[in-house]
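Order of the sequence lines sets the chain letters (A, B, ...), proteins ahead of strands, with each chain counted from 1. From a predicted model like this one, the values you see are computed outputs, not experimental measurements.
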Amino acid sequence: MLRMILIRLGTAVLTVLLAATLVFLAIQALPGDVAQQVLGQDATPAAVEAMREQLGLDRPVWVRYGEWLLGLVTGDFGTSLVTGEAIAPELGIRLRNTLMIAVPTFILGVALALYLGLVAGLNRDKTPDRVASGIALVGMSIPEFVTATLGVLLVAVTFPILPAVVIDGDQASVVELLPATILPIIVLTISMTAYILRMTRTGVIDAMASEFVVTAELKGVRRRDVVLRHALPTAILPTLNVLAINVAWLIGGVVVVEAVFNYPGLGSYMIEAVHNRDLPVIQSVAVVTAIIYSLANLAADVGAMLLDPRQRTRQEAS
Amino acid sequence: MSTEAKTSEVLDSPTEPKQKRLRFGGNGTLIFGLVLIGLHLLIALLAPVLTSHNPYISDPDAALYGPSATHLLGTDQYGRDVLARTLYGGRYALQVTFIATTITVAIGSALGILCAHLGGWFDMVIMRLIDAILAIPSILALLVVVTVFGNSIPVIVFAITIVYTPAVTRVVRGAAMAVVPLDFVTAAKARGESAFAVVLREIVPNVPGVMLVEYAMRASWAVLLISTLSFLGFGANPPTPDWGLMISEGRMAMTVVPWSVLAPIIALSTLVIGLSSAADGLSGRLGVDRLSKGA
């Protein structure tokens, strides 16, 4: 089991490395000269040359690639082209702000989805199921920027208690940001619950139809115990992978929601960087999200091994 | 183990199709979805007939009007007719979605089938690459591509292809994996048929269900992604009538002329609901268990 976890860990590191390489290569494909872009069109050739040297663009691609990777490992993300300051501290603050939205959303979304999925799955094709499935379909189909926009409209018109957008984002402390996280959390939870709910529902239906649940029922085990002890662990198993995918989705959704609410997180950092063509920042944010996603996948795999004894042995052989 | 698996298979098989149809809602969902998609295609095609207003022309004197006889849904802050812009608004998204999804499913299916058929090194390298791309959230990957190459339609199509091909490859590979060890494939190989013939004649005809469901599903995601991109200001260029762009532009005057935001929201949502219902209905009818594949 430990060996398998180590193998997975190795795969995760490899995936992050590959993702970082792909992003680096994509940025290298940028047409035009970065130094020229930073300085603008009317910069003198001498100034551009000096800038190139300062940015290290005069050295071969693979040297820069190596240095960049080495920097990543030691926690040095380079410097922003726009502010000229180190990226790492700013990245840390943005990541913290985003986690303030992402973590509560994840917990809330999973809890809601598990509960609703269980209710829907146990009452298949009855009213609760139809209502839950219908809501899930609508929740999945309405993009986050729409829910967010409607949220702002609702707050602006009816309940002016919550702040709709963050005005002074960059300097805000954790406590000051707290009220601003409520609306983004609600918006993201709606979409996320919709995604996971469908999966849990299917898992519950499959588990309840399985032989071991029927056996448990025939043995006269209480309904509650049948559901919670026998059916649920099996039902959660296929959901785990979906959870990992949802973490990636969550980071993507955060980009949009942060843009709507002007929330100073990782997502709006990325959007600003794209607007300013601040390449080192774009690279850094992409790598950070790849790391988060790989960690989530790793956690899902380990979780699956803990829940399902078969996985501990079966994949060892392959 | 093998006998056990066989018994449960035999026990399950008679009830399985029925169960699947029930689980996904079946024909009703499919028809509902197809009707919505058809409606949107018709509106996009017939937009010039359905409204006499030009969706591009702004009229500062007629800005921010409420609904009236001349402007059924009122006007936006530039005085453009909201109904006309909503009717035309699907064209950009539908066009890009259609091209991008077709390419994505074609490349993804080809790669997935090749991976399943060839196995070995090819399979491993492709799967690793796919994991790496999937590790970057689609909207971020899209933003990176748009930063590098700009936001013309070919670039956005290319970006969506990059973002969604890995997922399609994975799902189709999974479906093809189930076909490859079957006897008729082995027989074809034993007959000495070329790899090309084996793939085309033996494997491809057995995975169209998965491909069709993937098509509907990816299309619904692509519509969402394209309008999100437009909303963020990296997709359709103003003054193109596009739902994402309309919602973004209308936000400022949302409380004054709510229809300038609500109309594109309703249009966008019904299209996506149509596409995902179609995907659900298809997977129910064809017995493709899309959910359990996760991606």
Side-chain angles (χ1 to χ4, degrees), chain A residues 11 14-19 21-23 26-27 29-31 124-125 133 137-138 140-146 149-150 152-153 156-157 198-199 202 205-206 209 211 238 241-242 245 248-253 255-256 259-260 270-271 273-275 277 279 282 285-286 289-291 293-294 297, chain B residues 8 11-12 15 19 22-25 29 128-129 131-150 220 223-225 227-228 231-234 244 247-248 250-251 254-255 258 261-262 264-265 268-277 280 289 291-292 294-295:
Chain A
T11 323
L14 191 69
T15 306
V16 171
L17 205 66
L18 253 176
T21 310
L22 286 179
V23 171
I27 298 287
L30 187 82
R124 180 152 67 126
D125 292 323
S133 299
L137 184 66
V138 174
M140 269 178 72
S141 302
I142 298 182
E144 296 85 45
F145 71 88
V146 168
T149 306
L150 290 177
V152 173
L153 181 65
V157 177
R198 285 160 58 95
M199 195 63 226
T202 317
I205 290 175
D206 282 348
E211 283 148 25
N241 264 318
V242 175
I245 292 169
W249 169 86
L250 189 61
I251 303 167
V255 173
V256 176
V260 175
M270 178 78 177
I271 301 266
V274 170
H275 266 300
R277 298 174 86 84
L279 307 177
I282 298 177
V285 175
T289 55
I291 292 174
Y293 174 76
S294 299
N297 255 328
Chain B
S8 74
L11 280 175
D12 279 346
T15 54
Q19 199 186 352
L22 280 176
R23 191 198 294 166
F24 292 108
T29 321
R128 279 282 77 85
L129 269 177
D131 277 345
I133 298 178
L134 283 176
I136 303 168
S138 46
I139 189 81
L140 289 188
L142 223 61
L143 286 177
V144 169
V145 175
V146 171
T147 319
V148 175
F149 298 109
S220 78
V223 171
L224 285 182
L225 205 56
S227 32
T228 302
F231 177 84
L232 292 175
F234 301 103
I247 297 170
S248 158
R251 278 198 301 155
M254 199 155 53
T255 46
V261 174
L262 289 179
I265 285 180
L268 176 61
S269 308
T270 46
L271 175 59
V272 180
I273 290 176
L275 284 166
S276 38
S277 300
D280 272 9
D289 197 353
L291 283 176
S292 68

Please flag which part of B:L262 lies under 4.5 Å from any non-hydrogen atom of chain A: side chain, backbone, both or neither. side chain

For each of B:D131, B:I139, B:L140, tally heavy-atom pairs with chain A at distances under 4.5 Å, and name the one with the top tally. B:L140

Show the nearest heavy-atom pair for residues B:L232 and A:H275, with the distance to one decimal. O-NE2, 4.5 Å

Closest contact, heavy atoms only, B:R128 versus A:L18: O-CD1, 3.8 Å

Looking at every non-hydrogen atom in both residues, tell me the closest pair between B:I273 and A:S141 and how far apart they are. CG1-CB, 3.3 Å

Which region of A:L14, side chain (C-beta onward) or backbone (N, CA, C, O), has a non-hydrogen atom less than 4.5 Å from a non-hydrogen atom of chain B, or is it both or neither? side chain

Interatomic spacing from OG1 in A:T15 to CG in B:L129 - rounded to 0.5 Å: 10.5 Å

Non-hydrogen atoms of chain A under 4.5 Å away: do they reach the side chain of B:T270, the backbone, both or neither? neither

Atom group of B:T228 that falls short of 4.5 Å from chain A, counting heavy atoms: both

Determine the minimum heavy-atom distance between B:A132 and A:L22, stating which atoms define it. CB-CD1, 4.1 Å

Could I get the full list of side chain to side chain contact (heavy atoms under 4.5 Å, CB included) partners for B:V145, not counting sequence neighbours? B:F149, B:V155, B:F158, B:A159

B:S269 versus A:I142, closest heavy-atom pair with distance: OG-CG1, 3.7 Å

Hey, what's the ring geometry for B:F231 with A:F145, parallel, tilted or perpendicular (30° and 60° as the breaks)? parallel

Non-hydrogen atoms of chain A under 4.5 Å away: do they reach the side chain of B:V261, the backbone, both or neither? side chain

Most heavy-atom pairs under 4.5 angstrom with chain B, which of A:V23, A:L137, A:I282, A:T11? A:L137

Winner by heavy-atom pair count (cut-off under 4.5 Å) against chain B, out of A:V255, A:T149, A:V146: A:T149

Where B:F234 and A:V274 come nearest, the two heavy atoms and their spacing: CE2-CG1, 3.4 Å

Contact part of A:L250 toward chain B, heavy-atom cut-off under 4.5 Å: side chain, backbone, both or neither? neither

